[in-house]
Amino acid sequence: MTGPREMPTALSDPAEIRSARQLREILAALTTDGQPTRMTLTGADGMDHDLTLEPALADALLDMLRVASAGRGFHLIPVERDLTTQQAADLLGMSRPHVVKLLEDGEIPFTLTGRHRRIRAGDLFAYKARREAQRLGLETDED
């Protein structure tokens, strides 16, 4: 996997975008909230392959396909990946010094590797979700 500062994956070819849209529509039609999604795929060899997607995987694929079918770029970042402060700043859309302040204020957990701060992607995504919930008024500062 590439780092978050590198170019995101983007589907620019109209045929790719149509394929992403078609796959999204098929997967959405087969998916029931909280239930495994069962499907049969036919390989190039003509053989059928039964497949079961657990709900979290089906949801993740649907999210990715929503973005791809709109022709927008995206990154896939494992939650256990360590990010630099600059990568975190880029993902949050804020300055690196502001991210450092958030780290020092205890808003986002981090570790030190020598003198360098590293942020686990999962912790960054959790902070981003909390910030969004607060912005929407879904969570109070007392939580």
Side-chain angles (χ1 to χ4, degrees), residues 1-139 143:
M1 195 201 92
T2 60
R5 287 187 51 110
E6 296 177 20
M7 289 297 292
T9 301
L11 304 182
S12 57
D13 183 290
E16 292 173 334
I17 293 169
R18 278 192 306 277
S19 292
R21 186 174 299 123
Q22 182 181 25
L23 183 54
R24 178 182 52 86
E25 290 168 358
I26 291 168
L27 186 56
L30 295 173
T31 302
T32 303
D33 283 344
Q35 299 298 314
T37 301
R38 290 176 179 78
M39 62 183 76
T40 301
L41 302 175
T42 303
D45 59 2
M47 297 285 294
D48 287 345
H49 305 276
D50 293 328
L51 177 68
T52 301
L53 299 178
E54 293 303 319
L57 181 56
D59 290 345
L61 286 172
L62 282 168
D63 287 344
M64 183 196 67
L65 290 167
R66 267 187 215 96
V67 172
S69 65
R72 297 179 9 227
F74 59 91
H75 292 290
L76 296 177
I77 302 171
V79 294
E80 70 276 357
R81 181 177 202 163
D82 286 337
L83 304 171
T84 66
T85 53
Q86 186 60 59
Q87 290 168 327
D90 291 344
L91 288 167
L92 293 173
M94 58 181 62
S95 71
R96 191 190 67 75
H98 187 69
V99 168
V100 171
K101 182 180 182 324
L102 291 171
L103 298 178
E104 297 301 328
D105 290 347
E107 294 289 325
I108 306 170
F110 71 97
T111 58
L112 285 172
T113 303
R115 293 182 5 215
H116 303 282
R117 295 172 189 88
R118 295 292 182 257
I119 303 125
R120 194 176 143 271
D123 292 333
L124 185 73
F125 300 145
Y127 167 78
K128 191 173 182 178
R130 284 193 313 275
R131 186 181 71 169
E132 183 66 11
Q134 287 174 343
R135 187 183 72 77
L136 295 173
L138 301 175
E139 184 178 292
D143 287 342

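Rounding to the nearest 0.5 angstrom, the gap separating the CD1 atom in I108 from the CZ atom in R130 is 7.5 Å. T40 OG1 to L30 CG: the interatomic distance, rounded to the nearest 0.5 Å, is 9.5 Å. Atom OG of residue S69 and atom CE of residue M64 lie 10.0 Å apart, to the nearest 0.5 angstrom. Remark: E54 CD to T37 OG1 distance equals 9.0 Å, nearest 0.5 Å. A distance of 10.0 Å separates CG in L91 from CD in Q86, rounded to the nearest 0.5 Å. The CD atom of Q134 sits 10.5 Å away from atom CG of L136, with the distance rounded to the nearest 0.5 Å.
Under a 4.0 Å N-O distance rule, the pair E104/K101 does not qualify as a salt bridge.
The two atoms that bring A20 and L65 nearest to each other are O-CD2, 3.9 Å, heavy atoms only. When all heavy atoms of I119 and A88 are compared, the pair lying nearest together is CD1-CB, 3.7 Å. Nearest heavy atoms, H49 versus D45: NE2-OD1, 4.2 Å.
Under the 4.5 Å side-chain criterion, counting only non-hydrogen atoms from C-beta, I77 is not in contact with L124. Side-chain atoms of L92 and H98, non-hydrogen and from C-beta on, never get closer than 4.5 Å to each other. With a 4.5 Å cut-off on side-chain heavy atoms, R38 and D50 do not count as touching. With a 4.5 Å cut-off on side-chain heavy atoms, L27 and M39 count as touching.
Between L62 and the choices L57, L53, T31, the side-chain contact (heavy atoms from CB on, under 4.5 Å) rule is met once, by T31. Residue F110 is tested with R117, H116, R120 for a side-chain contact (heavy atoms from CB on, under 4.5 Å); the sole match is R117.
A donor and an acceptor atom, one from each side chain of R118 and T113, are nowhere located under 3.5 Å apart.
Without hydrogens or angle criteria, D13 side chain to A15 main chain gives a donor-acceptor distance under 3.5 Å.
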